Amino acid sequence: MKPHSCTCLAGFKLGLNSHFNIGLDNDCLSEIFFWKNNIVKLNSRANLPYKAPLLISYSDASKVGYGAFVVGTNEVTHCMWSTQEIAESSIWRKLKAIQFSLNSFKALVRGKCIKWHSDNRRAVRIMDTGSPNAKLHFIAFDIFDFCQTHNVTLMPQWIPPGT
C-alpha cells in the first residue's frame, strides 16, 4: 500500500535557515508507525516465491447488501447494509464486503493464501495500492492489517462483470 496520509506534508518548501514545527495528525502518525513496522517485510515481498492460492473466494456488494463464499466449502456470508452504509459509494460497499467477509471467514483463512475475486477493478487496485480517498484507504489498510495479523496472503483478482 502506498502512503497517503502524510503526502500533504511533502509539499512544504522551506529555506535553509527555516524552522517549521509540523503537527502530525493521528492518521499521519499511524502511517509512519505502519511503515516503521512493515518496511522490511514489504520490501522483500516481491522476492518471495509464488504461493499458489489454497482458497478461492468471490464477493459482491449491491445497494442493499453483500455476500461472499469460499469455493469448495460450505462457507457463505451475507448481510444487509445499514441506512448509513447504503449512503456510501459503491466502491466503499465493495471494499467493506471484502473486509467483513474476511472477518467472517477468519478461522478458515488463517495462515492461508486466498485468491479473492471481485467484479470491481478499482476495489482490487485499492487493496493492492491504497487510495487517495481516506475512507477507502482506511478500509484497504484494515484489510491489510487483518491479513498481517492472521498470516493471510491475499491475492485480489478482478473479474469482468458477467463472467
Side-chain angles (χ1 to χ4, degrees), residues 1-8 25-35 37-38 41-42 45-46 48 50-163:
M1 300 205 359
K2 294 180 182 176
H4 292 283
S5 296
C6 297
T7 54
C8 61
D25 64 16
N26 286 341
D27 294 339
C28 189
L29 287 172
S30 174
E31 192 165 288
I32 289 169
F33 287 119
F34 167 82
W35 284 112
N37 295 328
N38 292 291
K41 192 174 4 176
L42 293 176
R45 192 168 94 177
L48 295 174
Y50 172 76
K51 191 174 182 182
L54 297 173
L55 299 171
I56 297 173
S57 185
Y58 291 84
S59 64
D60 200 8
S62 70
K63 185 84 170 163
V64 296
Y66 74 88
F69 69 96
V70 179
V71 175
T73 72
N74 292 325
E75 296 295 321
V76 176
T77 186
H78 55 88
C79 191
M80 304 298 282
W81 297 121
S82 69
T83 305
Q84 289 110 348
E85 292 167 330
I86 288 172
E88 294 290 349
S89 68
S90 62
I91 186 67
W92 183 94
R93 291 190 302 270
K94 298 280 187 178
L95 288 168
K96 275 299 198 181
I98 295 165
Q99 179 187 18
F100 291 154
S101 299
L102 273 169
N103 197 51
S104 177
F105 301 146
K106 185 186 323 184
L108 179 65
V109 301
R110 180 175 280 125
K112 296 194 174 81
C113 179
I114 182 166
K115 183 172 263 194
W116 200 282
H117 295 87
S118 173
D119 66 352
N120 191 292
R121 189 183 324 217
R122 196 163 155 224
V124 169
R125 178 154 174 76
I126 289 170
M127 282 192 290
D128 281 337
T129 64
S131 173
N133 176 307
K135 277 186 179 180
L136 303 180
H137 187 71
F138 289 123
I139 298 169
F141 182 84
D142 287 343
I143 291 169
F144 176 84
D145 189 53
F146 173 91
C147 291
Q148 291 294 306
T149 302
H150 300 287
N151 194 27
V152 174
T153 301
L154 186 65
M155 301 169 63
Q157 174 71 48
W158 174 67
I159 52 168
T163 310

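Throughout, numbering of the chain's residues begins at 1 and tracks the sequence. All values below come from the heavy atoms of this structure, side chains included, with hydrogens, waters and symmetry mates left out. Keep in mind that what you see is a predicted model, and the values were worked out from it rather than measured.
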Looking only at heavy atoms, what is the nearest atom pair of [X] and [Y], with distance?
X      : Y      : result
Ile114 : Ile56  : CG1-N, 4.4 Å
Trp116 : Ala68  : CZ2-CB, 4.2 Å
Ala123 : Lys94  : CB-CB, 4.2 Å
Val70  : Thr73  : O-OG1, 2.8 Å
Trp158 : Asn120 : CD1-C, 3.5 Å
Ile98  : Ser59  : CG1-OG, 3.5 Å

As an exercise, state the distance from [atom1] of [X] to [atom2] of [Y], rounded to the nearest 0.5 Å.
X      : Y      : atom1 : atom2 : result
Glu75  : Ser104 : CD    : OG    : 7.0 Å
His150 : Asp145 : NE2   : CG    : 8.5 Å
Leu108 : Lys106 : CG    : NZ    : 13.0 Å
Gln148 : Leu154 : CD    : CG    : 11.0 Å
His137 : Phe144 : NE2   : CZ    : 10.5 Å

Considering only NZ, NE, NH1 and NH2 on the basic side and carboxylate oxygens on the acidic side, decide whether Lys135 and Glu88 come within less than 4.0 Å.
yes
Would you please test Asn133 and Ile91 for side-chain contact (heavy atoms from CB on, under 4.5 Å) and show each step?
CA-CA 11 Å; Asn133 176 307; Ile91 186 67; over 6 Å; no
Do you know which of Ile159, Val124, Leu95, Asp60 makes side chain to side chain contact (heavy atoms under 4.5 Å, CB included) with Ser118?
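Among Ile159, Val124, Leu95, Asp60, the one meeting side chain to side chain contact (heavy atoms under 4.5 Å, CB included) with Ser118 is Val124.
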Sort out for me which residue in Val109, Val71, Val152 forms a side chain to side chain contact (heavy atoms under 4.5 Å, CB included) with Leu55.
Val109
Mutual orientation of the aromatic rings belonging to His117 and Tyr58 [parallel < 30°, tilted 30-60°, perpendicular > 60°]:
parallel
Would you call the rings of Trp81 and Tyr66 parallel, tilted or perpendicular if under 30° counts as parallel and over 60° as perpendicular?
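Taking Tyr66 first and then Trp81, their aromatic rings sit tilted (interplane angle of 30° to 60°).
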Check: Leu136 and Arg122 side chains under 4.5 Å, non-hydrogen atoms
yes
pair Thr77-Phe100: side-chain heavy atoms closer than 4.5 Å:
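Result no, sub-4.5 Å side-chain heavy-atom pair not found.
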Please report the C-alpha distance between Asn151 and Arg110 in whole Å, then the side-chain angles of each, then the deciding distance to 0.1 Å, and finally whether the side-chain contact (heavy atoms from CB on, under 4.5 Å) criterion is met.
CA-CA 6 Å; Asn151 194 27; Arg110 180 175 280 125; 5.7 Å; no
Do other residues, nucleotides or ligands put more than 12 heavy atoms under 6.0 Å from His78 NE2?
no
Criterion side-chain contact (heavy atoms from CB on, under 4.5 Å) on Glu85 and Trp92, from CA distance to verdict:
CA-CA 9 Å; Glu85 292 167 330; Trp92 183 94; 3.6 Å; yes
Quick check: does any side chain N or O of Ser57 sit under 3.5 Å from a backbone N or O of Phe69, one acting as donor and the other as acceptor?
yes
Closer than 3.5 angstrom, by distance alone: can the side chain of Arg93 be matched with the main-chain N or O of Ser62 as a donor-acceptor pair?
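Present.
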